[in-house]
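Notes for the one structure printed next.
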Amino acid sequence: MFDKREIFHNILRTWYLKHKRDLPWREQVSPYYIWLSEIILQQTRVDQGLPYYFKFISKYPTIFDLADASEEEVLKLWQGLGYYSRARNLHATARIIASERNGQFPETYAELKKLKGIGDYTASAIASICFNEPTAVVDGNVYRVLSRIFGISTLVNSTAGAKEFKALAQHLIDSDDPGTFNQAIMEFGARHCLPQNPDCPNCVFATNCEALRTGAVGKLPVKLSKKPVRKRFFNYIVMLSEAHNSTWLRQRNGKGIWQHLYEFPLVETDKEVSAAELLEHEGYKSLCKKLSVEGLTLYNEEAIVHKLSHQHINTRFWIARTSDTDEKAVRYSEITNYPVPVLIENFISEFPVFKN
DNA sequence: AAGGCGGGGGC
DNA sequence: GCCCCAGCCTT
């Protein structure tokens, strides 16, 4: 179809020069900015990530500033963006590069990929954009664009698919300007070759697109259907010590969602429970061993359903009063310093007691 | 090879 | 509701 890769390059480059967005990390190409933007944009739309990019470069102008911060501070800045392992790995990698490499990023795909949080895609993006290494990126956009233009129905989220699309992208890449090629094909996927209702009649690849020719645009790319979401039932115990103007927060450790973020003491149940059932629950009883609880009233009768891509968390907040306090207590005025999931942030911001 | 990991936007 | 987003890591 493209006997000469140059044809593909020229069509793509012409489109890109006309339609590319002015994104802040494109203004001055530095590995730190590119790395930061690429981590933020993993599984995240540009519009959603942009405010976070500005917050991070403002608070941490250099990688040394990021390395000097605490993980908790970084998580707080990341709060609301999701996939929090990105923030933890970002911080860990900043510390490695600052302390072991004098702030200098590795300059090759192979070396970049060894760093925490940098996989095949991100290593290719940094190596090509910053160091002109001809290594092709394959993200969701590239899967979509290539599967359609070349009419490839291989499952994209399979080992075979990853291999096939990487090889094709690597074959197509413009070695003279790999960074621009990579950004252009992604931008084309993000702005023109959309998942739903792409504007095929006005597409610069219309005469070259196999999927358009065969009417398969809507069927490509082919993905594995995802499994049904897990339903969970969270009961948060919001302790109020009015004598000390303090409540309790706990950090989530171990596996699962929201690692290292904070939340109120949690009692997870296998269904929605009444107050009587909660009082008899082992998780609640062990919580009460640690401090005297003087009352338990339900804050929201109607459970809040917090929807993650893979879990639906039915949540009810229970207000409890106590006269105890201890070193784990958090003063109302300091509660906003802690990184918390959006579910908790929403409650805090609407709960009258915590309003200053 | 498969599953877990957030939150938001578009339709 | 469903799909997708400049993916990565663990098991």
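Chain letters run A, B, ... following the sequence lines, proteins first and then strands; every chain starts at 1. Everything numeric here is computed off the predicted structure, so don't read it as measured data.
Among dT11(C), dG1(C), dC4(C), the nucleotide with an atom closest to any side-chain atom of Lys255(A) is dT11(C). Of the candidate nucleotides dC4(C), dC8(C), dA6(C), dA6(C) has the atom nearest to the side chain of Asn141(A). Taking the side chain of Thr44(A) as heavy atoms from C-beta on, and the options dT10(C), dA6(C), dG6(B), the nearest nucleotide is dG6(B). Comparing dA6(C), dG7(B), dG4(B) by their closest approach to the side chain of His310(A) singles out dG4(B). Distance from the side chain of Asn89(A) is smallest to dC9(C) among dC9(C), dC4(C), dC5(B). Side-chain proximity of Asp139(A) to the nucleotides dG7(B), dG7(C), dG4(B) is greatest for dG7(C). The nucleotide whose nearest atom lies closest to any side-chain atom of Gln196(A) is, among dC4(C), dG7(B), dA6(C), dC4(C). Of the candidates dG7(C), dG7(B), dC11(B), dG7(B) carries the atom nearest the Trp258(A) side chain, counting heavy atoms from C-beta on. In the set dG7(C), dT10(C), dC5(C), dG7(C) carries the atom at the smallest distance from any side-chain atom of Gln42(A). Taking every side-chain heavy atom of Thr159(A) into account, dA1(B) is the closest of dC4(C), dG7(B), dA1(B).
Here the P atom of nucleotide dC3(C) and the CG atom of Leu224(A) are 12 Å apart, to the nearest Å. One interatomic measurement links the two molecules: CZ of Arg191(A) to C1' of dC4(C), which rounds to 16 Å at whole-angstrom precision.
In this structure dT11(C) sits in a base pair with dA1(B), meeting the Watson-Crick or G-U test at under 3.5 Å.
Heavy atoms of Gly256(A) sit under 4.0 angstrom from primed sugar atoms or phosphate atoms, though from no base atom. If you check every strand for non-hydrogen atoms under 4.0 Å, Leu23(A) touches a base. Using a 4.0 Å heavy-atom cutoff across all strands shown, Asp120(A) reaches sugar-phosphate atoms only and no base atom. Counting any heavy atom pair closer than 4.0 Å across all strands shown, Ile118(A) reaches sugar-phosphate atoms only and no base atom. Among the heavy atoms of the strands lying under 4.0 Å from Trp25(A) is at least one base atom, whether or not backbone atoms are also near. Within the nucleic acid shown, Arg252(A) has no heavy atom closer than 4.0 Å to any nucleic acid atom. Residue Arg88(A) is classed as having no contact, given no heavy-atom separation below 4.0 Å to the nucleic acid. Heavy atoms of Gly80(A) sit under 4.0 angstrom from primed sugar atoms or phosphate atoms, though from no base atom. Contact annotation for Gln311(A): backbone-only contact, meaning every heavy-atom pair under 4.0 Å involves sugar-phosphate atoms and none involves a base. At the heavy-atom level, Ser309(A) lies under 4.0 Å from base atoms of the strands shown.
Residue-to-nucleotide proximity on DNA chain C shows that, of Leu41(A) and Lys116(A), the 5′-proximal contact is made by Leu41(A). Checking Leu81(A) against Ser158(A), the closest nucleotide of DNA chain B that is more toward the 5' end is the one next to Ser158(A). Each of Ala160(A) and Asp47(A) lies near DNA chain B, and the nucleotide nearest Ala160(A) is the one positioned closer to the 5' end. Of the two residues near DNA chain C, Ala190(A) and Leu115(A), the one whose nearest nucleotide lies more 5' is Ala190(A).
Looking only at atom types and distance, the side chain of Thr122(A) has a donor-acceptor partner in the side chain of Gln42(A) under 3.5 Å away. Tyr121(A) and Glu38(A) share a side-chain donor-acceptor pair at under 3.5 Å. Of the N and O atoms on the side chains of Arg144(A) and Asn141(A), at least one donor lies less than 3.5 Å from an acceptor on the other residue.
One donor-acceptor pair, N or O on each side, does fall under 3.5 Å between the base of dG7(B) and the side chain of Gln48(A). No hydrogens or angles were tested; on distance alone, nothing pairs the side chain of Thr122(A) with the base of dG7(C) as donor and acceptor under 3.5 Å. A donor and an acceptor atom never sit less than 3.5 Å apart when one is taken from the side chain of Tyr121(A) and the other from the base of dG7(C). For dC4(C), the base has a donor-acceptor partner in the side chain of Arg45(A) [N/O atoms by modelled type, under 3.5 angstrom].
In terms of heavy atoms, Tyr109(A) sits closest to Ser124(A) at CE1-OG, 3.4 Å.
Ring geometry for Phe188(A) against His192(A) counts as parallel: the plane angle stays under 30°, on a 0 to 90° scale with 60° as the upper cut.
Close to dG4(B), at under 4.0 Å from its OP1 or OP2, lies no side-chain N or O of Tyr83(A). Within the structure, a side-chain polar atom (N or O) of Lys307(A) is placed less than 4.0 Å from OP1 or OP2 of dG1(C). Regarding contacts with the backbone of dC5(C), a side-chain N or O of Lys223(A) is found under 4.0 angstrom from either OP1 or OP2. Under 4.0 angstrom from either OP1 or OP2 of dG7(C) there lies at least one side-chain N or O belonging to Gln43(A).
Using a 4.5 Å heavy-atom cutoff, the side chains of Ile348(A) and Tyr338(A) are not in contact.
Comparing the P positions of dC9(C) and dG8(B) gives an interatomic distance of 24 Å, to the nearest angstrom. dT11(C) and dG6(B) have their P atoms separated by 15 Å, given to the nearest Å. Rounded to whole Å, the separation between the P atoms of dA6(C) and dC11(B) comes to 15 Å.
Atom OH of Tyr83(A) sits about 9.0 Å away from atom CG of Leu308(A), to the nearest 0.5 Å.
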- request: Go through Phe8(A) and Phe205(A) one step at a time and tell me if the ring pair (Phe, Tyr, Trp, His ring centres under 6.0 Å) criterion holds.
  value: CA-CA 9 Å; Phe8(A) 188 94; Phe205(A) 288 104; 5.2 Å; yes
